[in-house]
Student: 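The structure's right below; bear with me while I get my questions together.
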Amino acid sequence: MKGVLNTICVFLLLIVIVDGGWDFSWNNITSKPDTVAVVYESSDYIPPPYVTGALNRLASEGFQVRSFDKDIVTGTGQTPKELKEAIKAAIGNGLPALVVLSDGRVLKVQNLPKTESEIIEAVK
Amino acid sequence: MIDPKLVDLDFEFDGLSADIKEEDLLYAGAKKLPSDFYIDRSEWDDRINEHEKHKSSSDCFSGRFTWQKDSHECVCHAAHQAFMCAYNRQLGGLEHDVWFSPLALYTRITGGRRWGGSSVIDSMYEMIERGMIPDHDGPAGNLSQQKKFKHTLHETSGRTEDWWPTSGWVTPSNLPDGWEETAKHFRALEVYTVPNDDAHASCLLHGLCVVNGRNGHSIPHMKLIKEDGRYLSKYKDSYNEFRYDSERLWGGGYVIRSVTMPHDASNPAENPDIEE
């Protein structure tokens with residue numbers, strides 16, 4: 001009887017996850033963030049000192065950090081491969097945005113926080 | 001306390017061949033600084049303190065001094081600083097710092113003329129169009145960038161070092177064959193004009209490096225400071241020294257807002273000889 005109930009519970013949980021429209025990705029659980037990107041529209045926004053301060057702190061802890069305009073290109077006019085997904089997610093979110101990545105995959109995107117400590121918290 | 005001898009130096013001509021006019025910069029590809037980017041004077045002190053606290057002014061993103069010595073390359077040494085600061089800021093600090101050759105820019109924009117200097121508009125245009133060529137030397141030491149890039153050149157024709165594989169004056173035809181393939185990865189994408197002293201202070205307070213010039217000398221300004229109640233613009237002069245200008249000497253130049261971003265910051269020129 002107990003085994004049947006467990007099976008039903010697991011089955012119901014799967015239905016809730018699938019039908020609930022949750023954006024569930026194992027990457028979000030298993031991937032460790034390695035890059036933090038601040039994406040903005042350069043004619044509208046210049047990151048203030050606290051943003052640089054937060055990125056400096058994250059860089060000192062081993063993160064790769066990037067701060068750039070949404071239309072940034074490489075020397076051959078392409079969107080940088082490692083940042084392609086970050087730019088797409090940031091534009092979808094609205095700019096300026098903070099994007100946390102793992103091996104080029106977006107783990108998290110949100111509006112750029114208003115303080116240095118909020119940026120650090122958002123990444124960790 | 002800043003040594004008064006380092007403030008408002010009188011320069012003799014060392015390479016700035018023409019006054020910088022905003023309309024010329026606009027014609028060459030710069031844009032006007034957006035009005036929203038002006039910072040009111042009442043906010044200057046707070047901004048200065050914030051930059052100190054967060055180590056966020058442009059000098060924090062410059063990996064080196066240069067020393068033009070007996071050359072007329074000042075315009076390109078200043079341009080090199082502006083490019084370096086913009087590049088490193090995008091990549092989050094000095095971890096991926098690249099050193100560039102001011103001489104390689106100078107000889108291109110003068111068409112191989114050694115003496116007489118160059119114009120800021122030409123240097124800006126060339127950075128937008130064809131880009132910067134890396135130096136032989138780099139942050140990892142003497143000649144360290146020779147392995148990293150297929151095309152490099154020495155820093156200046158104004159002096160030499162015994163480890164440099166090339167030295168002295170070079171004409172554009174003496175540049176390493178195919179240099180365009182490397183330089184294209186180090187181009188300016190967006191440049192703003194700095195028309196007046198308010199724009200000058202505002203750009204510094206946004207952490208941007210301002211290039212301007214006077215008395216025949218071009219200067220890369222790094223940060224705004226306040227001493228004894230007066231504001232000074234601190235610049236990284238191409239004579240291995242920080243110096244300072246008071247307000248009367250500000251304005252009239254450009255800032256680099258964005259530059260090309262590599263796919264891989266550890267191999268920014270996509271050199272096939274470097275293994276991933």
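So you know, we letter chains A, B, ... as the sequences are listed, proteins then strands, and number each from 1.
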Student: Highest number of heavy-atom pairs under 4.5 Å with chain B: which of A:D44, A:L55, A:D69?
Tutor: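 Looking at each of A:D44, A:L55, A:D69 in turn, A:D44 comes out on top.
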Student: Less than 4.0 Å between a side-chain N and a carboxylate O, is that true for A:K124 and A:E61?
Tutor: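 Yes, this pair counts.
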Student: Please state whether the rings of B:W44 and B:W250 are parallel, tilted or perpendicular, taking 30° and 60° as the class boundaries.
Tutor: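 Tilted.
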Student: With a 4.0 Å cut-off on N to O distance, would you call B:E52 and B:K223 a salt bridge?
Tutor: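 So B:E52 pairs with B:K223 through a salt bridge.
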Student: Side chain, backbone, both or neither: which part of B:P262 has an atom under 4.5 Å from a heavy atom of chain A?
Tutor: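 Just its backbone gets close to chain A.
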Student: Does anything in residues 176-188 of chain B get under 4.5 Å of chain A by heavy atoms, and if so which residues?
Tutor: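 Residues of residues 176-188 of chain B touching chain A at under 4.5 Å: B:K184, B:H185, B:R187.
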Student: So, for B:K236 and B:S62, which heavy atoms are closest and what is the spacing to 0.1 Å?
Tutor: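 Distance-wise, the nearest heavy atoms are NZ-OG, 2.9 Å.
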Student: With a 4.5 angstrom heavy-atom cut-off, could you sort out which part of A:L83 is near chain B: side chain, backbone, both or neither?
Tutor: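 The side chain, not the backbone.
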Student: Looking at B:D45 and B:K226, does any basic side-chain N land under 4.0 Å from a carboxylate oxygen?
Tutor: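 Yes.
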Student: Sort by residue number and list every member of residues 46-53 of chain A having a non-hydrogen atom under 4.5 Å from chain B.
Tutor: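 So the qualifying residues are A:I46, A:P47, A:P48, A:P49, A:Y50, A:T52, A:G53.
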Student: Counting heavy-atom pairs closer than 4.5 Å to chain A, which one of B:G92, B:G131, B:A269 comes out on top?
Tutor: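 Max contact count across the listed options: B:G92.
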Student: Please state whether the side chain, the backbone, both or neither of B:L208 comes within less than 4.5 Å of a heavy atom of chain A.
Tutor: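 The side chain, not the backbone.
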Student: For residues 91-101 of chain A, give me every residue with a non-hydrogen atom less than 4.5 Å from any non-hydrogen atom of chain B.
Tutor: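 Within residues 91-101 of chain A, no residue comes under 4.5 Å of chain B, counting heavy atoms only.
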Student: Can B:H221 and B:N212 be counted as having a side-chain donor-acceptor contact under 3.5 angstrom?
Tutor: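 Yes.
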Student: Is any side-chain N of the basic residue among B:D137 and B:R64 closer than 4.0 Å to the acidic one's carboxylate O?
Tutor: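 Result for this pair is no, no salt bridge flagged.
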Student: Using a cut-off of 6.0 Å, state whether more than 12 heavy atoms not belonging to B:Y27 lie near its atom OH.
Tutor: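 Atom OH in B:Y27 is not crowded, with 12 or fewer foreign heavy atoms closer than 6.0 Å.
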Student: I'd like to know whether OH of B:Y231 has more than 12 heavy-atom contacts from other residues, nucleotides or ligands below 6.0 angstrom.
Tutor: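 It does: B:Y231 OH has more than 12 such atoms within range.
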Student: Between A:K84 (side chain only) and A:T79 (backbone N and O only), is there a donor and an acceptor less than 3.5 Å apart?
Tutor: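 Not confirmed, A:K84 side chain does not pair with A:T79 backbone.
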Student: Hey, which residues of residues 189-205 of chain B are touching chain A, say heavy atoms under 4.5 Å apart?
Tutor: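 Answer by number: B:L189, B:E190, B:Y192.
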Student: Mark yes when over 12 heavy atoms from residues, nucleotides or ligands other than A:K88 sit less than 6.0 Å from its NZ; otherwise mark no.
Tutor: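 12 or below, so no.
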Student: Can you see whether B:H96 engages A:Q64 through a side-chain donor-acceptor pair at a distance of less than 3.5 angstrom?
Tutor: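 The answer is yes; a qualifying pair exists.
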